[in-house]
2 protein chains.
Amino acid sequence: MTATKKRIIESAIQVFNEDLSAPLQKVADNAALTRRTLHRYFKDRNELVEICRQAIQISCKKAMIAAIQSSYEPIVQLERMLYAGIDCGAKYSTFYKMHRSADHNHTMQNKNCADYDYIYTTFQKLVIELQKTGILNPKMSPEWIQVLHSGIIESTVNAKQINHQNIEDIKQLAWISYSKAISP
Amino acid sequence: MTATKKRIIESAIQVFNEDLSAPLQKVADNAALTRRTLHRYFKDRNELVEICRQAIQISCKKAMIAAIQSSYEPIVQLERMLYAGIDCGAKYSTFYKMHRSADHNHTMQNKNCADYDYIYTTFQKLVIELQKTGILNPKMSPEWIQVLHSGIIESTVNAKQINHQNIEDIKQLAWISYSKAISP
DNA sequence: TAGATATTTCTCAAATGTGTGACATTTTTT
DNA sequence: AAAAAATGTCACACATTTGAGAAATATCTA
């Protein structure tokens, strides 16, 4: 994959994340190249959108699975999953929404869906395990803890835009806030 | 304002919230009426978008200011501001973004900007006050506590869509999570 | 520097979206 | 039930967006 193609995809992800029907001219401007060049790399708009979705899936999946496999300690796994989501930034909320939107047909035949499920059943097992050992609040459902997880990630995306703070500081703030929120 | 006009605006807010450049046909479909009817109520697309923005501002401002004025106790005010945001739902994140986007020219001449500032300087004063009295964690900046606030609201929007839980239960969960997250 | 490759510029046709007039149909009001 | 008001259907002009060819220009590479 050429550098230009990557550049277009990153630009498109940024633009489409906040306006899926934005004209391709916007994507081209954002990537600092012409629309004609953009059309040489992608058959049509649909293909570009689809490739963006794939790129988001691949990078988020990779980060989340690496986080899960980076430790055997549930609490460490949970912490690293949060950091992985923060590293994905705005992509994460799209990833999250993709498998939950009403029109999405979630099926195990689809590799992406299967991986998504692996990630979130693992997450839920982690949470239940930590609730049993008294580390997490047993009164909060795993589902709530999960939406909170993505809400905190969303917060860090906003914090980055507004505050221009050090990303490591933001990560620490996020983990402190999150772990306190869900502790008994 | 007729019921139809309201219906169109609510529909448009839903659609534009997730895709600002969506075709008007989508708005019409979502409101279960024809594009022709939609055009009878609004001069053009810009007018509809602008009216949606006004509607969001009015309803969010009203809810937030009422929350502030509903008590003299800072911690109660903070709690009610969270509930007010939750009641606004998806509108809240648009409201929040409107005054913070890069191209928005934030000026005190504009009533909406002035009101927004009133709400958020009040919020910050509240937080600083509560940090002084040891109720909130003094190590977290008011800015972070604010992005967390909107992140938690975002979480409740997702929780509603996914879990179809009782809204009052979600509010309680949200407040418990938030207050713990920001306590010392 | 010469040749290959990538990008831009300009152009244009096709597709899609927007706004409106004329008239039919439905719903509401009296 | 008749009149009035609101909504739908169809047709159309116009604007914007999309996708691609052809040639000029820029960039990279040996």
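A note on names: the letters A, B, ... follow the listed sequences, proteins ahead of strands, and every chain is numbered from 1. Since this is a predicted model, take the numbers as computed values, not measurements.
Under 4.0 angstrom from either OP1 or OP2 of C:dT7 there lies no side-chain N or O belonging to A:Thr34. Phosphate contact (OP1/OP2 of C:dG19, side-chain N/O of B:His39, threshold under 4.0 Å): present. Between A:Arg36 and C:dT8 there is no side-chain polar atom (N or O) within less than 4.0 angstrom of OP1 or OP2. Not one side-chain nitrogen or oxygen of B:Thr37 sits closer than 4.0 Å to the OP1 or OP2 atom of D:dA6.
Each of A:Trp175, A:Phe123, A:Trp144, A:Tyr83 was scored for a ring pair (Phe, Tyr, Trp, His ring centres under 6.0 Å) with A:His149, with one residue passing: A:Phe123.
Nucleic acid contact for B:Tyr41: sugar-phosphate only, since backbone atoms but no base atoms lie under 4.0 Å from a heavy atom of the residue. Across all strands, A:Thr2 comes closer than 4.0 Å to no nucleic acid atom at all (heavy-atom distances). Counting non-hydrogen atoms under 4.0 angstrom, B:Arg35 reaches a base of the nucleic acid.
Following rounding to the nearest Å, A:Lys26 (NZ) and D:dT16 (C1') show an atom-to-atom distance of 14 Å. Between the CG atom of B:Asp44 and the C1' atom of D:dT16 there is a distance of 15 Å, rounded to whole Å. Taking atom NZ on B:Lys5 and atom C1' on D:dT7, their separation rounds to 16 Å, with Å as the unit.
Of the two residues near DNA chain D, A:Arg40 and A:Gln25, the one whose nearest nucleotide lies more 5' is A:Gln25. Nearest-nucleotide assignment on DNA chain C puts the 5′-proximal partner with A:Ala32, out of B:Arg45 and A:Ala32.
Between D:dT18, C:dT8, C:dT18, one nucleotide has an atom nearer to the side chain of A:Leu33 than all others, and that is C:dT8. Among the nucleotides C:dG19, D:dG19, D:dT7, the one closest to any side-chain atom of A:Leu24 is D:dG19.
Annotation: cation-pi geometry satisfied between B:Arg100 and B:Tyr96 (NZ/CZ under 6.0 angstrom from ring centroid, within 45° of ring axis). Cation-pi geometry between A:Lys5 and A:Phe42 is met: the NZ or CZ atom falls under 6.0 Å from the ring centre, inside 45° of the normal.
With hydrophobic clusters built from ILVMFWY side chains whose heavy atoms lie under 4.5 angstrom apart, A:Tyr72 does not share a cluster with A:Ile135.
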